[in-house]
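One-based numbering, in listed order, for ligands and for the atoms of each. Bear in mind the structure is a predicted one, so any value in this text is a computation, not a measurement. All values below come from the heavy atoms of this structure, side chains included, with hydrogens, waters and symmetry mates left out.
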Amino acid sequence: MSSGKSTLINSMLGKELLHCANEATTATITRIHNKDQQNNFNGSAYNFEPIKSNEKARLKFLDYKSVIDSETLKKWNADNNINYISLTGNIPSIKNSSKHIVLYDSPGPNNSQDNTHQDLTLNLVSDGRYGMIIYVLNATQIGINDDKLFLSQISQVLKTDKHKNIIFILNKADVLDEEKGEDIEIFVRNIASYLKNIGFINPSIIPVSALSALNARKVLNKEPLTRFERNLLQQNIHNLDDDRLIRASYNISDEVKTISLPNTEKKDMSITIKDGLEISKSKINQLIYFSGIPLLENIINYKFQKTTL
Ligand SMILES: Nc1nc2c(ncn2[C@@H]2O[C@H](COP(=O)(O)OP(=O)(O)OP(=O)(O)O)[C@@H](O)[C@H]2O)c(=O)[nH]1
Ligand SMILES: [Mg+2]
C-alpha cells in the first residue's frame, strides 16, 4: 500500500491521471489499454464480482466517458459501487507490437481497513491473463510491510506458467540518503536475498523514482506543477544526477540496460516552469533517464515484442 503503483503508471503516462495520495488510495482495478494513436483516454466503470468463473457475467456496466480526466477517475475511485475501471488511450512510452499492451493498476493488498482490496488484487494475480507482474516495493518501508505471504502466493502462481514473469521495482529510491548509509546497492542486494528466500530464483530488481519521472514528464508535457512539486523537482535534479539507480539494478541483462541516453541536442533550450523557475530541457531529460523508469519501459517493450502470449 502507498508504494507508488499508481504514480508509476502516471509516470509512464506523463500526466497525473490515476489518483495518487499518501493514504490507502486505489480502491479499484484499473485496466489501461494502450492505443498508440489515440490522444485522449476514454473509459468505462464497472462493478466486478471476484470469485465466480465467467468473466463476462461478472462485470456490470455502470458508466462511460468519452474523455477521461483525473477528476472523473477520482470520483469513480471513491464510488463504492465501482471497483473496476477500463481505460483506452496512448501510453506514450509503450509501443504495441502485434498485440496491444495492457497495464493494470491494483489496490495495495495490505489495507487492514478494507479486505476487498486484497481480494481484488489476488483475483487479478490468479486470473492469469497477463504476461508480467510489476511488483512495486517501497524503499522507505523495507521490512515494515510484511508481504511475505502475498509474495509466496505470487511465486506459486508464477511457477505454474513459464511465460509469465515478475519484475520488482524498488520505488522512492530518491529518498534514500547515501551519506547516512542508505546505500542503494546494499538495499537492492538485501531485497534480492529476501525474495530468494521466499522462492523467487533469480529476481530482477530495478530501483526507481516514479515521482521524479512523473514531475519531469509533466514539465515536458506542459502540465502544471504545484509549489511542492516544483521544489521536489529541483531537489531531484540535484540528487539524482548520475546513473546509480540503473547501475544498482539487479539481474537485468546488459542488452536491456544499455538504453540510449537522452539526446544531447546541440542547442539546449530553457523551460520556464513558474515564478521565474527555469530548467534546461537537457536536465529534465536526464532526470527522466536517471529515474530508472525508462529502463522499466524498455523491459516491457522488449518482452512483449519477443513473446506472444
Ligand atoms: N519520494 C517519492 N514519493 C513517491 C514516489 N512515488 C510515489 N510517491 C508518493 O507516495 C504516495 C503514494 O503513492 P501512490 O501512487 O498513491 O501509491 P499506491 O501504491 O498506488 O497506493 P495504493 O493504491 O493506496 O496502494 C504519494 O504521496 C506519492 O506522491 C517516489 O518515487 N518518490
Ligand atoms: Mg494506487
Side-chain angles (χ1 to χ4, degrees), residues 1-32 70 73-74 76-78 82-85 87 103-122 124-125 133-142 144-145 147 150 168-178 182 184 187 205-218 223 225-240 244-246 248-249 287-297:
M1 204 177 77
S2 293
S3 59
K5 300 175 292 296
S6 305
T7 306
L8 183 103
I9 294 185
N10 282 341
S11 78
M12 294 179 174
L13 299 174
K15 59 181 172 184
E16 219 161 308
L17 193 63
L18 305 180
H19 185 44
C20 302
N22 252 324
E23 59 194 335
T25 306
T26 307
T28 68
I29 297 289
T30 306
R31 178 185 193 275
I32 307 160
S70 56
L73 288 184
K74 199 171 168 181
W76 280 357
N77 190 56
I82 296 172
N83 61 0
Y84 192 101
I85 296 171
L87 307 177
L103 298 179
Y104 289 87
D105 186 25
S106 69
N110 51 342
N111 180 352
S112 53
Q113 283 152 35
D114 194 340
N115 282 337
T116 62
H117 287 195
Q118 175 160 6
D119 292 346
L120 278 174
T121 302
L122 263 178
L124 187 67
V125 172
I133 295 176
I134 301 168
Y135 193 99
V136 185
L137 295 149
N138 185 342
T140 68
Q141 301 213 319
I142 293 303
I144 295 176
N145 285 330
D147 46 5
F150 185 58
F168 293 93
I169 298 298
L170 181 60
N171 190 33
K172 309 200 187 185
D174 55 294
V175 295
L176 299 183
D177 189 342
E178 299 227 334
E182 295 177 334
I184 188 72
F187 262 64
I205 307 168
I206 308 177
V208 307
S209 170
L211 190 56
S212 62
L214 171 61
N215 287 335
R217 281 183 169 159
K218 275 167 70 174
E223 297 271 334
L225 262 65
T226 63
R227 187 152 61 105
F228 184 86
E229 290 167 339
R230 295 196 298 276
N231 288 338
L232 200 64
L233 180 78
Q234 284 176 285
Q235 207 180 314
N236 288 154
I237 283 178
H238 290 303
N239 290 340
L240 293 174
R244 66 179 186 279
L245 300 189
I246 296 154
S249 61
L287 177 59
I288 296 170
Y289 172 73
F290 293 148
S291 74
I293 294 296
L295 180 54
L296 170 66
E297 292 164 341

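In this structure, the protein non-hydrogen atom closest to atom 19 (O) of ligand 1 is K5 NZ, 2.7 Å. Given atom 7 (C) of ligand 1, the protein heavy atom at minimum distance is T7 OG1, 3.4 Å. Of all protein heavy atoms, the one closest to atom 6 (N) of ligand 1 is N171 ND2, 3.0 Å. In terms of protein heavy-atom proximity, atom 21 (O) of ligand 1 is nearest to S2 N, 3.0 Å. Nearest to atom 12 (C) of ligand 1 among the protein's heavy atoms is A21 O, 3.2 Å. Protein heavy atom closest to atom 24 (O) of ligand 1, with residue, atom name and distance, is T25 N, 2.7 Å. Looking from atom 5 (C) of ligand 1 to the surrounding protein, the closest heavy atom is L211 CB, 3.5 Å. Closest to atom 17 (O) of ligand 1 among all protein heavy atoms lies G4 N, 3.1 Å.
In this structure a side-chain-to-backbone donor-acceptor pair under 3.5 Å is missing from S2 to N22. The closest donor-acceptor contact from the side chain of N171 to the backbone of A210 lies under 3.5 Å.
Of the polar atoms of S212, none of the N or O atoms is found under 3.5 Å from an N or O of ligand 1, judged by distance alone. Below 3.5 Å of separation, one finds no N or O of S106 facing any N or O of ligand 1. For ligand 1, the polar-atom distance check finds an N/O of S3 within less than 3.5 Å of one of the ligand's N/O atoms. Between V208 and ligand 1, not a single N/O pair is under 3.5 Å apart. Looking at P107 next to ligand 1, no N or O pair under 3.5 Å apart turns up.
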Test side chain to side chain contact (heavy atoms under 4.5 Å, CB included) applied to I184 and L170, step by step: CA-CA 10 Å; I184 188 72; L170 181 60; 4.2 Å; yes

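Residue K172 holds the heavy atom nearest to atom 4 (C) of ligand 1 of all those in E229, K172, H117.
Close approach of ligand 1 to S6 (heavy-atom distance below 4.0 Å) involves ligand atoms 15 (O), 20 (O). Atoms of ligand 1 found under 4.0 Å from any heavy atom of D174, numbered from 1 in the order shown, are 1 (N), 2 (C), 30 (C), 31 (O), 32 (N). Less than 4.0 angstrom separates some heavy atom of M1 from each of these atoms of ligand 1: 24 (O), 25 (O). Near V175, the atoms of ligand 1 lying under 4.0 angstrom from a non-hydrogen atom of the residue are 1 (N). Distances below 4.0 Å separate heavy atoms of S209 from the following atoms of ligand 1: 31 (O). Against a heavy-atom cut-off of under 4.0 Å, G108 is close to the following atoms of ligand 1: 25 (O).
Rounding to the nearest 0.5 Å gives a distance of 6.5 Å between CG of L211 and CG of D174. With rounding to the nearest 0.5 Å, the separation of CG in L233 from CG in L287 is 6.0 Å. Expressed to the nearest 0.5 Å, how far SG of C20 lies from NZ of K74 amounts to 11.0 Å.
When non-hydrogen atoms are compared, ligand 1 lies under 4.0 Å from the backbone of N22 as well as from its side chain. Residue A173 does not touch ligand 1, judged by heavy-atom distances below 4.0 Å.
Residue E23 places a heavy atom less than 4.0 Å from ligand 1.
In summary, an N, O or S atom of T26 is located under 2.8 Å from the Mg ion (ligand 2). At a cut-off of 2.8 Å, S106 does not coordinate the Mg ion (ligand 2) through any N, O or S atom.
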